[in-house]
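Numbers for residues simply follow the sequence, beginning at 1. Just so you know, ligand 1 is whichever comes first in the structure, and atom 1 is the first atom listed for that ligand.
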Amino acid sequence: MIVDLHNHTKLCNHAEGEISEYIEKAIECNIKYFGFSEHAPMNFDEKYRIGFHQMKEYEQSIIDAKEKYKNSIEILLGYEVDYLKGYMDERVLNADVDYLIGSVHFIEEWGFDNPEFIGNYKDQDIDLIWQKYFDAIEEMAKSKLFDIVGHLDLIKIFKYMPSKNINKIAKNALLAIKEADMSVEINVAGFRKPIGEAYPSLSLLKEIKKLSIPITFASDAHKPEQVGLYSDEATQMAKSAGYNECVLYRKRKRKFIKF
Ligand SMILES: [Zn+2]
Ligand SMILES: [Zn+2]
């Protein structure tokens, strides 16, 4: 992938490695536009994100890296923001960054992608939680607060699959994403999880293409060695869905890049 906008730093307490190590791996992988999107602060689940008091430190360290590496790669600055009602904060939503990724990691405050709480799946109607998840994605798009949809079908992470047709469950969410003029990332983190495939699935990606929704790429690296992994699979998948360009953002303005 030539663009990779979703990567973390050790500031979020569940990633490792130095910013420079992530960037050097990206250069090695021929990534031309590399973005950091740290888990934005919020007053919930504080253990897995930076604090509000670290925003300046985070932003400045990425800006410094942008300058340092400007002759080899373009570094971009973003946040991955949880769409969670009652917890989103103006300091994040109005941050002076290149883009905001909107992600749903909670269904009614249940951190469904966290292995710590995997036991909860046993008590759930799987069709219902899939629908609740995509309802949250739809609401997130309708909020028009974000540029990119993070890992669109993350709810498949542990392979608890619904009996209903997934494209149908996701339909209204996709229409809202189109209406909000957002982009969807092809996020390869799913290859590292029980589901063993990218977010979104190829089947959903084809629906996304039918709606002419732009795409971008995401390593979602939490370690330097995860940068650029499964890059060929991601590019191949985008091509087979009919894409030949992806997007990046500078100061919340979208730009298309051929790949
Ligand atoms: Zn993370
Ligand atoms: Zn995420």
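Ring to ring, Trp130 and Phe112 are not that close: their centroids are 6.0 angstrom or more apart.
For the pair Arg91 and Phe52, the cation sits on the ring face: its NZ or CZ lies under 6.0 Å from the ring centre, inside 45° of the axis.
Side chain to side chain, Glu185 and His151 fail the donor-acceptor criterion of an N or O pair below 3.5 Å. The closest side-chain donor-acceptor pair between Ser219 and Tyr22, if any, does not fall under 3.5 angstrom. There is no side-chain donor-acceptor pair under 3.5 Å between Gln124 and Tyr160. Between Asn7 and Asp4, the side chains place a donor N or O and an acceptor N or O closer than 3.5 Å (distance only, hydrogens not considered).
Rounding to 10 degrees, one finds that the Zn ion (ligand 1) sits at the corner of an angle of 100° between His222 NE2 and His14 NE2.
Protein N/O/S atoms nearer than 2.8 Å to the Zn ion (ligand 2) total 3.
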